[in-house]
Peer 1: 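Here's a structure for you.
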2 protein chains.
Amino acid sequence: MRRRVTITDVAQEAGVSVATVSKVINGRDGIAAGTAAHVQQVVERLGYESSLVARGMRSQRTHAVGVLVAEFEPFSTEILKGAGAALAGTDYALLAYTGGGAGRAGWERRYLSRLSGTLIDGAVLVTPTVVDPVAGVPVVAVDPHAGPGATPTVDSDNLEGAMLGVRHLLGLGHRRIGFLGGRRDLESSALREAGYVQALIDAGVTPDPALLHVAEYRRDAAYEATAAMLALPDPPTAVFAANDVSAMGILDAAGRLGVRVPDDLSVVGFDDIPESASTTPPLTTVRQEIQQLGAVAVRLLLDLLDGSGVGAAGDAPGHVRLPTSLVVRGSTAAPRRTA
Amino acid sequence: MRRRVTITDVAQEAGVSVATVSKVINGRDGIAAGTAAHVQQVVERLGYESSLVARGMRSQRTHAVGVLVAEFEPFSTEILKGAGAALAGTDYALLAYTGGGAGRAGWERRYLSRLSGTLIDGAVLVTPTVVDPVAGVPVVAVDPHAGPGATPTVDSDNLEGAMLGVRHLLGLGHRRIGFLGGRRDLESSALREAGYVQALIDAGVTPDPALLHVAEYRRDAAYEATAAMLALPDPPTAVFAANDVSAMGILDAAGRLGVRVPDDLSVVGFDDIPESASTTPPLTTVRQEIQQLGAVAVRLLLDLLDGSGVGAAGDAPGHVRLPTSLVVRGSTAAPRRTA
DNA sequence: ATGAAAGCGCTAACAC
DNA sequence: GTGTTAGCGCTTTCAT
């Protein structure tokens, strides 16, 4: 395993100074055509490519943007696909990063501090818990923390989406509808809960606090919460989950408890991650355009980086909200007559 | 947008030298308890986190591993999920990287040169076209280029998998079965083709060169190839695609041409990416444990990095092959009597 | 116990 | 047209 070849190796091999090699690589002028050609040739032969790190350290631009995530799960990887697509054709590289302790709050600030300035020119933060502007580089947040912020933001119409999902259940005839909330710190979760409550009230149904649980967007937590709800004297005939992953937890619990979906229990999720089509039964869900979310976030970021950031499509701090839609699959049906 | 806070800022604020701050951060001893506490406090207050880049430049270890991909598509993002899961619990960070010109061959060497040594301690290369050992850091390849190599490798049993898929079609009664090959440079593609041919021969069917196309694992290329095959005087009643993405291209073409799947044409894919369950009709496919591929690759890499690399589970250059399985969904059926 | 200084690979001023 | 020098943020001897 040979050592990485450095600019010094190239310089020595070519019999010129390091500076000259640097100039050739970066296409600076003031180099004799012959020298340039020769150096170029040595570069090829040695397979040299300049270190992103050393380069970023010296110049201020690295020409790389980061997507910072707490974890690589279905939502963040969809974002990645969209971000990648939006970056294709530009000469920016894409760096997705997740460090160890994403459990602790404030991961996004620590990650940003580790990478910004020297590695990436800007970042997309996926479901950050904190969005403070002390970034050092331009930042765009996807599905961010609740509360105001100077940071440009991209999200879906969570309120309307939730209402779509719950109205679907109401339309099927359900009246006892449970809700599995997401991460308390995220605005999306709060809005989905608000949409759930609103849709019920609009339909003349009084929300029952006993049917409202928090599952943190996690499958195992959803499993537990579902078990608790189903043990109620008057259990729900349907549950609306704040995301697909927790909806899968509901399916797990129902399967274990011998509760048939959708016969005994209807389930609606949120997100429409690719995995949702292959659950048993396939999940009815509220679709977010997740890849679009990622693509838009990258475009906003690119605006911030290159185009002055002014006068582009929209002058405001940049806040884009994408529409949602209902995808009906096999996990919902009319409730059985309780007789 | 404030500047990133550096170690110098902390040192100044705390009234000590940079060296002292560095020692405190890295838990080196030889620091008065009081000083350490004070510095620690300033670190917290300023939200300082040392730059991955500067740190990696000086010390040789960065405690980050890279997953280098040509593009963020369904296969590579599944690898990422598996890699992330395998890394959870360790104190390694995960860096997924894709630069611009992945079109040109040799992207993996260039990416490696950009990142190795200073940013990542080791790398997982996803479907690399070239695997030469001139890396500078330990490398593990997933689904690599054909040919021998000193590099440890992880892949699926592509030969057996292909035979599984084709035998399924044969069992349904198909005899004219087309094949859409993948990237010529990948071993997986060659083996899937070999499995296709072998299964046909085993069943006494002579492979027809007119039914053998290359689609590069790409959806648009698959579309074209399918159109060509279906225009044949004696078109196939079934097509086996070397991956799911090209199988989707077949579905596209069939839809456009008014050919019904599976009534007029059966389709089998390879991979079982999450997206395959939600095509119309849902795709019958040969499942690879893609996340496992990623997880195993990371474990191999970690062995190389930490545990001497000797005596671990298997001393050989490290070559792991995972089993495949058939997932039957809606895109396959018995051929209609041509009568 | 603490600080000064060198150096990781590279680029940008500035000299020659 | 090319080389010398300084310095990006950090860790690590080596003095003090």
Side-chain angles (χ1 to χ4, degrees), chain A residues 3-40 42-43 46 48-64 112-121 136-137, chain B residues 3-40 42-43 46 48-64 112-121 136-137:
Chain A
R3 208 174 46 75
R4 192 182 156 278
V5 8
T6 74
I7 198 173
T8 313
D9 300 328
V10 176
Q12 245 155 23
E13 183 75 15
V16 296
S17 77
V18 194
T20 302
V21 177
S22 173
K23 282 171 192 151
V24 172
I25 290 168
N26 298 289
R28 301 274 172 279
D29 42 32
I31 297 286
T35 317
H38 176 226
V39 169
Q40 195 61 53
V42 174
V43 165
L46 267 44
Y48 169 74
E49 185 94 4
S50 75
S51 158
L52 234 206
V53 162
R55 167 190 292 234
M57 195 130 173
R58 190 65 250 250
S59 19
Q60 232 38 304
R61 303 296 292 270
T62 58
H63 258 71
L112 217 38
S113 192
R114 294 217 261 267
L115 305 185
S116 77
T118 36
L119 224 207
I120 54 177
D121 292 342
V137 296
Chain B
R3 209 173 47 76
R4 193 182 155 278
V5 6
T6 74
I7 199 174
T8 313
D9 300 328
V10 176
Q12 246 156 23
E13 184 75 12
V16 296
S17 77
V18 213
T20 303
V21 176
S22 174
K23 283 170 192 152
V24 171
I25 289 167
N26 297 289
R28 302 271 172 282
D29 42 32
I31 297 285
T35 316
H38 176 225
V39 169
Q40 195 61 54
V42 175
V43 165
L46 265 46
Y48 169 74
E49 185 94 1
S50 76
S51 157
L52 233 205
V53 162
R55 167 189 294 233
M57 196 128 171
R58 190 65 248 254
S59 15
Q60 232 37 305
R61 302 295 292 270
T62 57
H63 257 71
L112 217 37
S113 190
R114 293 217 261 266
L115 305 184
S116 77
T118 36
L119 224 207
I120 53 178
D121 291 341
V137 295

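Chain letters run A, B, ... following the sequence lines, proteins first, then strands; residues in each count from 1. What you are looking at is a predicted structure, and each value in this text was computed from that prediction instead of being measured. Quick note: numbers below take in every heavy atom, side chains included, and nothing from hydrogens, waters or symmetry partners.
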Peer 1: Out of C/dC10, C/dG3, C/dG9, which nucleotide sits closest to the side chain of B/Thr20?
Peer 2: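 Closest of the options to the side chain of B/Thr20: C/dG3.
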Peer 1: Anything under 4.0 Å to a heavy atom of chain A counts; send over the first and last such nucleotide of DNA chain D, read 5' to 3'.
Peer 2: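 Under 4.0 Å from chain A, the extent on DNA chain D is D/dG1 to D/dG9.
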Peer 1: Between A/Val10 and A/Leu46, is the side-chain contact (heavy atoms from CB on, under 4.5 Å) condition met? List the steps.
Peer 2: CA-CA 7 Å; A/Val10 176; A/Leu46 267 44; 4.2 Å; yes
Peer 1: Between B/Ala33 and A/Ala54, just flag the one whose closest nucleotide in DNA chain C comes earlier from the 5' side.
Peer 2: B/Ala33
Peer 1: May I ask you to verify if any side-chain N or O of B/Thr35 is less than 4.0 angstrom from the OP1 or OP2 atom of C/dT2?
Peer 2: yes
Peer 1: Donor-acceptor pair, distance only, cut-off 3.5 Å: does the side chain of B/Ser116 make one with the backbone of B/Leu112?
Peer 2: yes
Peer 1: Could you check if a side-chain atom of B/Asp9 sits within less than 4.5 angstrom of a side-chain atom of B/Tyr48, using non-hydrogen atoms only?
Peer 2: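 No; the side chains remain at least 4.5 Å from each other.
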Peer 1: Whole Å only: how far is the NZ atom of A/Lys23 from the P atom of C/dA13?
Peer 2: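 For the pair A/Lys23 NZ and C/dA13 P, the rounded distance is 11 Å.
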Peer 1: If you compare every side-chain N and O of A/Ser22 against the phosphate oxygens of C/dT11 (OP1, OP2), does one of them come in below 4.0 Å?
Peer 2: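 Yes, within the criterion.
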Peer 1: Donor-acceptor pair, B/Asp121 side chain versus B/Arg61 backbone, under 3.5 Å?
Peer 2: no
Peer 1: Are OP1 or OP2 of C/dG7 and a side-chain N or O of B/Arg58 less than 4.0 angstrom apart?
Peer 2: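 For B/Arg58, the contact criterion (side-chain N or O under 4.0 Å from OP1 or OP2 of C/dG7) is not met.
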Peer 1: Would you find a donor on one side and an acceptor on the other, under 3.5 Å apart, between the side chain of B/Arg114 and the backbone of A/Ser51?
Peer 2: no
